[in-house]
Number of protein chains: 2
Amino acid sequence: MPLTSITEIRKQEILKAFYQIAISEGVENSSMAKIAKVLEVQPSLIVHYFKTKEDLVSALIDYCLERYFQIFEEEFSRPGTPSLKIKNLIERLFSKEWNDLFDDGVFYSCYSLIFRSDDIKSKFKILHEGLRKKLSLIIESYLEFKGEDKSQAEQLSHQVFTLVDGSYYFINMLSTKKEQALHLESAKKLAQTLLKIR
Amino acid sequence: MPLTSITEIRKQEILKAFYQIAISEGVENSSMAKIAKVLEVQPSLIVHYFKTKEDLVSALIDYCLERYFQIFEEEFSRPGTPSLKIKNLIERLFSKEWNDLFDDGVFYSCYSLIFRSDDIKSKFKILHEGLRKKLSLIIESYLEFKGEDKSQAEQLSHQVFTLVDGSYYFINMLSTKKEQALHLESAKKLAQTLLKIR
DNA sequence: CAATTTATTGAACACTCATTCAATCAATAA
DNA sequence: TTATTGATTGAATGAGTGTTCAATAAATTG
């Protein structure tokens, strides 16, 4: 059961190597053979831990989605007033840190698989719904805290995520870090306006 | 020069077949051999028209980007007051028609390539900047028409595209057509509010 | 310790891939 | 008509793919 078992360590190693190769060469150009080469191991060993290539991709996506969840969970369970919580969360959602959680190229490659794999689609869906739900709860208690109508919490949560996802798509088409930071800042401002923060 | 030349017809046929295969099997699982099979032709003929597989992908992206540009251009050059123009444009941007212009799976696959190919990155960049610029101009004349401060036209254009891109990412994670339509409607409303339409 | 399970090797499989090349066939031009 | 160009074939190449399988080494368990 412990992560220290050889099996879990090896799986983690393989996944890490896969991720690195996917970053530099793309998910579609990654292969069991390449992973084996990096780890200086026989290809058949990769198969021993991940029966098929699909398993490998599936595990990579799990790893990716867990990272997003983790950060969110972390901020969610921090102490503080609803006002402070929502403020901090918005800061993190529109930050470089959130963007750097997982390589964008690998992420969009994986995302594109949802259109052909129901299994992968449901994974992404669970993540997406989970995050929306959590944000929605925070917004709800924040509105309640301010004595405002909390019935629109869910809609606000959707709007914020639309801005987040749209922004990260957007900034990859900007050339300089400065432009990217500016757009992120502008989108954050809009989110804060919608939530009437400050 | 005419599109009726055999070369152009063949290229178009090949591209169309490539697109169809990419839709059902994914860009990464498409191959010259598969295209050849569909067209009942030798693989070497595909090479005759597209030297490498990269050329093929590049041409597919051009085809995709042209479609988006075309629709936008069409609406842009229509007669009417700035108010009417902006209203119609927003309707189209948040419509099923805009979403169906190009297969989402293929689109995101292609998009993910920008992180490893400067050539592809610049193609997407040109599209993105072009569309933003056009929308910005329309917003500008719309604000001028209403006698309002037009200095924020560019920012509004960015915000609208962030909402559009974020929404299409978002709705792929919704199960039913109804939910998708609802979210699209909600995002459109927000865009209209930002632009103070109606 | 012996027994058994797990980790790892190494060779082999059938397949698909992008690309090449020379050989034909058809269309166009001089 | 002949010369030339472009369209198409068909066979071949070498490299890479995911996967299988039996054999061996190492670790774990009884």
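Naming: A, B, ... by sequence-line order, numbering from 1 per chain. These figures come from a predicted structure and were not determined experimentally.
Listed by chain and residue number, A:H183, B:H128, B:H158 satisfy the ring pair (Phe, Tyr, Trp, His ring centres under 6.0 Å) test with A:F170 (two or more places apart in sequence, or in another chain). Residues satisfying the salt bridge (charged side-chain N to carboxylate O under 4.0 Å, His left out) test with B:E148, not counting sequence neighbours, are B:K146. Looking at residues two or more places apart in sequence or on another chain, you find no side-chain hydrogen bond (donor to acceptor under 3.5 Å, both in side chains) involving A:E129. Every residue meeting the side-chain hydrogen bond (donor to acceptor under 3.5 Å, both in side chains) condition with A:D149, not counting sequence neighbours, appears here in chain and number order: A:S151. Applying the salt bridge (charged side-chain N to carboxylate O under 4.0 Å, His left out) test to A:E154 and every residue at least two apart in sequence or in another chain returns nothing. Shown here are the salt bridge (charged side-chain N to carboxylate O under 4.0 Å, His left out) partners of A:K121, two or more places apart in sequence or in another chain: there are none.
Pairs of Watson-Crick or G-U wobble type, with distances under 3.5 Å, assemble into runs of 3 or more in DNA chain D at these ranges: C:1-12 with D:19-30, C:14-23 with D:8-17, C:26-30 with D:1-5.
For residues 167-184 of chain A, no residue pair satisfies the salt bridge (charged side-chain N to carboxylate O under 4.0 Å, His left out) rule, not counting sequence neighbours. Sorted by first and then second residue, the salt bridge (charged side-chain N to carboxylate O under 4.0 Å, His left out) pairs involving residues 70-84 of chain A (not counting sequence neighbours) are A:E73-A:K134, A:E74-A:R92, A:E75-A:R78, A:E75-A:R92.
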Worksheet item: Can you give one letter per nucleotide of nucleotides 18-26 of chain C, 5' to 3': B if a protein heavy atom sits under 4.0 Å from the base, S if only from the sugar-phosphate, - if neither?
Response: SBBB-----
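Where DNA chain D meets chain B (any atom under 4.0 Å from a heavy atom), the bounding nucleotides read 5' to 3' are D:dA7 to D:dG10.
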Shorter than 3.5 Å, N or O on both sides, protein versus nucleotides 4-7 of chain C: list them out with atom names.
unit_1, atom_1, unit_2, atom_2, d
C:dA7, OP1, A:T7, OG1, 2.5

